[in-house]
Number of protein chains: 2
Amino acid sequence: MNEFQPPGRLVTLTDVAREAGVGESTVSRVLRNHGSSSKRARERVAEAVARLGYVPNRLAGSLAGGGAGPGLVGVVIPSFANIVFPDLLRGLTTALEGTGMQSVVGVSEYDPEREEALVAALLSWRPEALLLTGLEHTQGTVALARAAGVRVVEMIDTDGEGIDSVVGFSNREAGAASARHLLARGYRRIGYIGLDSEVDLRAGKRLAAFEGVLAEAGLALEGREIRPGRSSAASGRAGFEALLARHPRLDAVYFSNDDMALGGWFACLAAGLAVPGRIALFGFNGLDFTEAMPQPLSTVRTPRLEIGRAAAACLTGKTPQTIDLGFALIEGATA
Amino acid sequence: MNEFQPPGRLVTLTDVAREAGVGESTVSRVLRNHGSSSKRARERVAEAVARLGYVPNRLAGSLAGGGAGPGLVGVVIPSFANIVFPDLLRGLTTALEGTGMQSVVGVSEYDPEREEALVAALLSWRPEALLLTGLEHTQGTVALARAAGVRVVEMIDTDGEGIDSVVGFSNREAGAASARHLLARGYRRIGYIGLDSEVDLRAGKRLAAFEGVLAEAGLALEGREIRPGRSSAASGRAGFEALLARHPRLDAVYFSNDDMALGGWFACLAAGLAVPGRIALFGFNGLDFTEAMPQPLSTVRTPRLEIGRAAAACLTGKTPQTIDLGFALIEGATA
DNA sequence: TCTCTCTTTGGCAGCGCTGCCAATTGTGTT
DNA sequence: AACACAATTGGCAGCGCTGCCAAAGAGAGA
C-alpha cells in the first residue's frame with residue numbers, strides 16, 4: 001500500500017490511469033469488467049491498483065452512472081432489542097451476500113414520525129430499494145417511498161395494503177390460530193401479557209384476532225397485563241406474577257412474545273405451578289430456545305429468516321410481489 | 001408531492017432553485033442552514049421543496065463537499081445470530097441518533113477474508129468512520145483501514161494492539177475472573193462448552209485465560225465440548241448432555257455464552273440434577289433473561305450497549321482513544 | 001498492398017451538489 | 001446625498017466517476 005499519500009487526498013481513478021499509463025475510461029472499464037479491454041491493459045491496471053492501494057469511490061460512481069452497479073439498500077426496523085429484527089436482517093444480509101449490495105440500517109424505535117425521517121434520510125443516499133417493517137406508515141413515509149421510484153418491500157405483516165411489495169405472514173391469523181389452539185385444549189380463563197398495542201402494531205393485530213376468536217366462542221380475556229418497555233423474560237415474569245395475583249383463576253396465558261413467555265415459565269417454576277396442569281403458557285415467534293426447554297414452549301413459529309431472504313429476492317425483482325410465508329403452530333408442551 | 005415526475009428523473013436542487021426563483025447556491029445554503037440567507041429566501045425554498053417533494057442527493061453532496069455533513073459509518077460485525085452484536089448496534093444506533101449519521105452494516109460470518117472484502121466495499125462509500133469487531137484482522141484489512149484516513153474503532157476486545165481507537169473490555173480478564181470465581185467456590189472438576197475458538201477468537205481468549213488460572217491452581221479442564229454452528233440454548237443443552245455423559249464427575253461447567261448455559265440449565269432441570277449442588281453452571285455475557293431465571297445465572301455481564309455508545313462517541317473524537325469499559329461478575333445462584 | 005471490419009482506446013461532457021468569489025442589495029454614518 | 005460596510009446572492013468550477021463517441025489499432029480477406 002502507498003504510505004506516502006498526503007493525508008486528506010485519497011487515490012483516484014485518474015491516479016491509477018496515470019500510474020498504469022492508460023486512459024481513465026480504460027481503468028473504469030477494466031475495474032468494472034464492462035466493455036472490452038486487452039489483457040495488457042487489465043494487467044497494468046491491476047498492478048497500478050495494487051501499487052497505489054486504490055479504493056473506488058462509489059459516491060462518484062453511482063452519481064455518474066445514474067446508480068449503476070450494486071448499491072445501497074435502505075432498511076428501517078423498529079428496534080434492535082427484539083430478536084425478530086436482527087433475525088430479519090440476518091436473512092436479508094445472507095441473501096444480499098454476493099450481490100454486492102450493502103444495507104444502510106435505521107431504527108425507528110416504533111415511532112412512525114421517526115420512521116418518516118429515517119426514510120427521507122435513507123433515500124438521500126439514493127438506495128436501490130427500501131425495506132420497511134409493517135404496513136402502517138405515515139402519509140409522508142408513503143409519499144416519499146412512492147416518489148423515490150425504487151422498489152419498496154414491507155416486511156413481516158400481510159394484513160393490509162402494501163406500498164409496493166410485501167413479504168410476511170398474517171399476524172391476524174397467527175393470533176386467531178393461537179386462540180383456537182387454546183380453546184381446543186379446553187382453556188377458558190385466559191389472560192394476556194404483552195406490550196402496548198399502540199406501539200407494537202403487529203402484536204396488537206394478533207391480540208385483536210385472538211380476542212375475536214374468544215368472542216366467537218362467547219368468551220373474553222379474563223385479564224391482561226400491558227408491560228412498559230421492551231419484551232424480555234424479566235418483564236414477562238413480572239407481568240405474569242402481577243397478572244396471576246390479580247386473576248388467580250386463570251388457566252392459560254397468551255404472551256406477545258416467547259421472551260415474555262419464558263419469563264412466565266420461570267415464574268411458574270419458581271412458584272411451583274404445574275405447567276400446563278395448573279396454568280398453560282403460549283408464546284409467539286418460535287425462538288430458538290423454546291425447543292430446548294424441558295417442556296418445549298407452545299408457540300407460533302414465524303419465518304423470520306425466510307422473510308429477510310424473500311425480501312432480498314424481491315428487491316431485485318422487476319415487478320412488485322406479495323408473498324405470504326405463513327407460520328407454524330408449534331404444539332409444544334406448555335399448552 | 002409531485003406526481004407528474006417522469007419516472008427515472010428525480011427532483012434536483014436545480015429544479016428547486018428554478019421553482020423558488022433563486023440561485024442554486026442559495027438553495028444549498030438554505031437547506032444546509034449554512035451561511036447567511038434572507039427570511040424570504042428561506043421561505044421560498046421551503047415552499048419549493050415541499051411542492052416538488054425534493055429529497056437531496058447525498059451522493060452528490062458528499063462528493064462535492066469532500067464528505068461535508070454527517071455521512072455514513074461503516075460497521076462490520078461477525079454475525080447477527082449472536083445477540084451480542086445486535087446489542088452493540090443498538091448502543092451504536094442510539095448514540096448516532098441525532099448526529100444524522102447512518103450506519104452501513106456488513107456481516108463477516110467470522111471470516112477474516114470476508115471481513116477484508118467488506119471493509120473494502122464499505123470504504124468505497126467513503127464513510128466517516130469504520131467500526132470493526134475484535135482486534136484480529138488480516139493484513140489487508142489493516143492496510144485498508146489505515147489508508148482510508150478515517151477514524152477506525154475496534155469494539156469488544158482490549159487484549160491487544162488496535163489500529164486506531166479501541167472500545168471494549170478484557171476478554172482474558174473476564175475468563176480469568178470466571179475461573180477464579182469457580183475455584184473460590186470450591187469447584188475442581190470443571191468442563192467447558194463452547195464454539196470453535198478459531199472462529200470466535202474472543203471466546204478463545206477467555207478460555208485460554210480461564211485455563212491459565214486453572215493451571216496456576218494445578219488444575220486442568222476435565223473435559224470440553226466444542227459445538228458446531230452458532231451459540232444457542234439447544235446447542236448448549238446437547239453439548240451439556242454429551243459432555244456430562246463423557247465426564248460424569250464434573251462439578252461445574254463454564255459456557256462460552258449465556259445462551260449455551262441456559263441450555264445446560266434446561267438439561268439439568270430435565271435430568272433432575274441439582275444446580276449448583278450436583279453441578280454448577282457459569283455463563284458469559286449477562287443476557288437479559290439470566291436475572292429472570294428462578295436461580296439467576298452466574299455469569300459475567302459485558303457492557304455491550306455501552307460499547308456501542310462509546311464507539312459512537314469515539315467516531316466523532318479528534319484523537320484515537322482506548323476505552324476499557326470493564327465487566328461485572330454476577331454471582332448469581334448457579335455457581 | 002489496400003480496404004473493410006472488429007476490437008480497443010482516450011477525451012470529454014455531465015451526474016447533483018458545494019465552495020469560492022465577485023456582484024448585488026441593504027443598512028447605518030456623516 | 002454620498003459613503004463605508006455588512007448581509008445576501010448567483011455563477012461557475014470541480015468533486016471522481018461513467019457513458020458516449022470518435023479515433024486508433026489489429027486482423028482478415030481480396
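Each chain gets a letter, A, B and so on, in the order its sequence line appears, and its residues count up from 1.
For DNA chain D, the neighbouring residues in residues 26-38 of chain A, judged by any heavy atom under 4.0 Å, are A:S28, A:R32.
Atom CZ of B:R40 is separated from atom P of C:dT25 by 12 Å (rounded to the nearest Å).
Put simply, CG on B:L52 and CD on B:E47 are 11.0 Å apart, with the number rounded to the nearest 0.5 Å. Considering CG of B:D111 and OG1 of B:T138, their distance stands at 9.5 Å, rounded to 0.5 Å.
Across the helix from C:dT1-D:dA30 to C:dT30-D:dA1, the helix axis at one end is tilted relative to the axis at the other end by 40° (nearest 10 degrees, each axis from five pairs).
Under the rule for a salt bridge (charged side-chain N to carboxylate O under 4.0 Å, His left out), B:R32 has no partner lying at least two apart in sequence or in another chain. Take B:R29 and apply the side-chain hydrogen bond (donor to acceptor under 3.5 Å, both in side chains) test, not counting sequence neighbours, and it matches no residue. Not counting sequence neighbours, the partners of B:R18 by the salt bridge (charged side-chain N to carboxylate O under 4.0 Å, His left out) test are B:D15. Listed by chain and number, the residues in a salt bridge (charged side-chain N to carboxylate O under 4.0 Å, His left out) with B:D159 amount to none (sequence neighbours excluded). Qualifying salt bridge (charged side-chain N to carboxylate O under 4.0 Å, His left out) partners for B:E19, counting only residues two or more places apart in sequence or in other chains: B:R51.
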Let me check something: any side-chain donor-acceptor pairs from residues 97-108 of chain B under 3.5 Å, sequence neighbours excluded? List them with distances.
residue: B:E97; atom: OE1; partner: A:R114; partner atom: NH1; Å: 3.0
residue: B:T99; atom: OG1; partner: B:L96; partner atom: O; Å: 2.5
residue: B:T99; atom: OG1; partner: B:M101; partner atom: N; Å: 3.1
residue: B:S108; atom: OG; partner: B:Y110; partner atom: N; Å: 3.2

Run the side-chain donor-acceptor check on residues 58-67 of chain A: report pairs under 3.5 Å with partners two or more places apart or on a different chain.
residue: A:R58; atom: NH1; partner: A:P70; partner atom: O; Å: 2.8
residue: A:R58; atom: NH2; partner: A:P70; partner atom: O; Å: 3.2
residue: A:S62; atom: OG; partner: A:R58; partner atom: O; Å: 3.2

Quick one: side chains of residues 72-84 of chain B, donor-acceptor pairs under 3.5 Å with protein atoms, not counting sequence neighbours, listed by atom name and distance.
residue: B:S79; atom: OG; partner: B:A81; partner atom: N; Å: 2.7
residue: B:N82; atom: OD1; partner: B:V84; partner atom: N; Å: 3.2

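Taking 4.0 Å as the cutoff to heavy atoms of chain B, we find the contact window on DNA chain D bounded by D:dT8 to D:dG16.
A side chain to side chain donor-acceptor pair (under 3.5 Å) check over residues 309-322 of chain A, counting only residues at least two apart or in different chains, returns nothing.
Contact annotation for A:G66: no contact, since no heavy-atom pair falls under 4.0 Å across all strands. Residue B:A17 is out of contact with every strand shown, counting any heavy-atom pair closer than 4.0 Å.
Place B:R42 and A:P56 on DNA chain D by their nearest nucleotides, and B:R42 ends up nearer the 5' end. Take the nearest nucleotide of DNA chain D for B:V22 and for B:A60: the residue whose nucleotide is more 5' is B:V22.
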